[in-house]
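Written out below as structure tokens is the structure these notes cover.
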Amino acid sequence: MSVDESQDREAGPAPARDVGAGDWEGLAEQARALAQGRVGSTALVRRSLERIAATQDTVNAFKRVRAEAAMAEAAEADRRLVAGERLPLLGVPVAVKDDTDVAGEPTAFGCAGEFPLKQRDAEVVRRLRAAGAIIVGKTNACELGQWPFTEGPAFGDTRNPWNLAHTPGGSSGGSAAAVAAGLVPAALGTDGAGSVRIPAAWSHLVGIKPQRGRISTWPEAESFQGITGIGPLARTVQDAALLLDVASGNHAGDLHRPPAIAARQAAGRDPGRLRIALSWKPATTFTAKPLHPDVRAAVTGVARTLARLGHFVEEAEPDYGLVGLAFVPRATAGVGEWAARVPDRSLLDRRTRGAVRMGRVLGGPVLRRARLVEKRQQRRIGALFGPYDVLLTPTTATPPPRIGTLAKLSGWRTDQAMIAACPYAWPWNVLGWPGVSVPAGFSADGLPLGAQLLGPAHGEPRLIALAAQLQDDLRWHERRPAGHPAPLDGVPR
């Protein structure tokens, strides 16, 4: 038996197990249990750290684990809880992606080499701490967030808890894997071309890409020329909305400062009867993008559920135009900006170095033009939201690929394979508008699939309300990979 054959047999599909609604220890449930004194933060954080350690050789979700610091912070949270203090996430363990600064930790963003320790928290981490959350660690991401897989020589392969032979997606694959495996109840990722929504789809999670600027990217005034934002990954819409509310807000230096929303309140609201456009056609990229039949069937099932719930659903296509011509200069410029901070650039992937060169070619006037046409693109694509309230598309065109499928390809072939697998998410990064990926079921091989709810500017409340209504009907949060650790009730104080 070859090594690959052995791994495949050992890492076959994890059969889904149906569980009761109270059996999953979600973000809100843990916060409630802590506030009611049914469990202590020290016990929750210790269990989270134990689960991380137990799965690091298989799932490999984390780049950095703050074991000692997190336990000390949990002990302090317990003292505050006993004293009667109450905050939205006081004592709850969560994780952030390794492109987000945490004081005392390096920010390598998937790159090899030695990085300096950060002196200050990113604004979003400051807000998490202000809400009482315990940051247990930083999750793996592919190099500078460029690809829809989470693999690389700097940290190895991050694997999908539903099937260890497959990727959980990327670039926020570590965050998705950590939540799907039950290591933390929720985590933050970043989304520059679908990097929250893609791993959400491929890990059976809810992933929210908020309106640009909803969550501060400071110390970056904006990230990747405005196409990248921070968003939550969780098992339920309610947990994702809670984390979104806690993380939202701005720093004085942010370039984008949208008006506040109440995400968790929206998750408890009836969305009303909506007009929903079902779209199968991705934006033009001049490359082949065949839709996997299992994905089409799954998203069709979601559309039928929406119609059964009383919504008007029909096929309609946005006018994307050549929106890709605005995406590439901004994306490659962002790669170049991050690459310039890497201590040893000789260790960068050859594809990263190619992207940096492309960014130089497309910089200056081309990049400025790409930024200037955004308003026109918003008007053209946004015309869909006259006759319709929500756009429904697949999140990805395929089920999650096997580990190694994309990681060893050339730059051009990686781009082709990436576009073929994930052609639906990235235009909304150019627009800066919100989207929510929800679980849509499973492929014939038992791999998770996702559907994407997209809206116009500041449209998160409607999308979240609709996603919550779908969750109430489809009950996706009651399924998890077999072998998941014990539920919350089994945790001692």
Side-chain angles (χ1 to χ4, degrees), residues 11 14 24-27 29-31 34 39-75 77 89 91-100 102 104-110 125 128-129 133-142 150-152 154-164 167-189 199 203-205 232-235 239 243 403 480-488 490-492:
W24 184 272
E25 61 280 10
L27 189 74
E29 184 179 351
Q30 287 195 13
L34 285 160
V39 68
S41 179
T42 299
L44 280 182
V45 170
R46 180 186 299 112
R47 187 183 63 168
S48 178
L49 294 170
E50 288 172 351
R51 290 179 176 183
I52 292 168
T55 59
Q56 198 61 9
D57 288 341
T58 52
V59 175
N60 185 31
F62 281 80
K63 178 66 180 292
R64 302 283 299 188
V65 180
R66 303 178 64 249
E68 184 176 345
M71 287 301 295
E73 292 164 13
L89 296 181
V92 180
V94 298
V96 300
K97 184 176 175 181
D98 192 36
D99 60 350
T100 303
V102 175
E105 301 292 338
T107 298
F109 201 178
V125 172
L128 290 177
R129 292 191 196 274
I134 311 296
I135 313 296
V136 295
K138 303 183 71 178
T139 58
N140 279 324
C142 65
T150 304
E151 304 161 39
F155 58 88
D157 301 333
T158 297
R159 296 176 178 271
N160 196 319
W162 289 89
N163 186 324
L164 296 178
T167 182
S171 62
S172 304
S175 288
V179 177
L183 313 185
V184 289
L188 289 179
S203 301
H204 196 67
L205 300 176
L233 288 147
R235 291 290 301 182
D239 282 352
L243 189 56
I403 293 289
R480 66 189 187 207
H484 185 275
L488 178 64
V491 180

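For clarity, every value in this text was computed on a predicted model and none was experimentally measured.
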- Minimum heavy-atom separation for Thr158 to Gly174, with atom names? CG2-CA, 4.1 Å
- Could you check Thr58 against Arg159 for side chain to side chain contact (heavy atoms under 4.5 Å, CB included), going step by step and ending with a plain yes or no? CA-CA 7 Å; Thr58 52; Arg159 296 176 178 271; 5.9 Å; no
- Task: Check whether any side-chain heavy atom of Asn160 sits under 4.5 Å from a side-chain heavy atom of Thr167, and report yes or no.
- Result: no
- Message: When you compare the side chain of Val94 with that of Ile134, does any pair of heavy atoms fall below 4.5 Å?
- Response: no
- Can you name the side chain to side chain donor-acceptor pair (under 3.5 Å) partners of Ser172, sequence neighbours left out? Lys97
- Note on the structure: Heavy-atom closest pair (Asp239 atom, Ala234 atom, distance to 0.1 Å) is CB-CB, 3.7 Å
- Smallest heavy-atom separation, Ala154 atom then Lys63 atom, equals O-CE, 4.0 Å
- Query: How about Pro93 and Gln30: do any of their side-chain heavy atoms sit closer than 4.5 Å?
  - Reply: yes
- Item | Residues that Arg46 engages under salt bridge (charged side-chain N to carboxylate O under 4.0 Å, His left out), provided they are two or more places apart | none
- Task: Start with the C-alpha distance between Leu188 and Thr100, add both sets of side-chain angles, then the distance that settles side chain to side chain contact (heavy atoms under 4.5 Å, CB included), and finish with yes or no.
- Result: CA-CA 9 Å; Leu188 289 179; Thr100 303; over 6 Å; no
- Task: Could you tell me the separation between the NZ atom of Lys138 and the CZ atom of Arg66, rounded to the nearest 0.5 Å?
- Result: 10.0 Å
- Query: What pair of heavy atoms forms the shortest contact from Ile135 to Glu73, and how long is it?
  - Reply: N-OE1, 4.3 Å
- Closest approach of Ala176 and Leu233, non-hydrogen atoms and distance? N-CD1, 4.0 Å
- Query: Is Arg51 reaching over with its side chain to a backbone N or O of Gly182, donor-acceptor style, under 3.5 angstrom?
  - Reply: yes
- Measure the spacing between CD1 of Ile403 and CG of Leu164 and express it to the nearest 0.5 Å. 8.5 Å
- Task: Might you point out which heavy atoms bring Phe155 and Ala141 nearest each other, and give the distance in Å?
- Result: CE2-O, 3.1 Å
- Query: Judged by atom type as modelled, is there a donor-acceptor pair below 3.5 Å linking the side chain of Asn140 to the main-chain atoms of Asn60?
  - Reply: yes
- Task: Could you tell me whether the side chain of Val136 reaches within less than 4.5 Å of the side chain of Ile52, counting heavy atoms only?
- Result: yes
- In this structure, CZ of Arg47 is separated from CG of Leu183 (nearest 0.5 Å) by 10.5 Å
- Message: For Thr107, is there any backbone N or O sitting under 3.5 Å from a side-chain donor or acceptor partner on Asp98?
- Response: no
- Message: Run Leu89 and Leu34 through side chain to side chain contact (heavy atoms under 4.5 Å, CB included) and show every step you take.
- Response: CA-CA 9 Å; Leu89 296 181; Leu34 285 160; over 6 Å; no
- Query: Would you say the side chain of Thr150 lies within less than 4.5 Å of the side chain of Thr139, judging by non-hydrogen atoms?
  - Reply: no
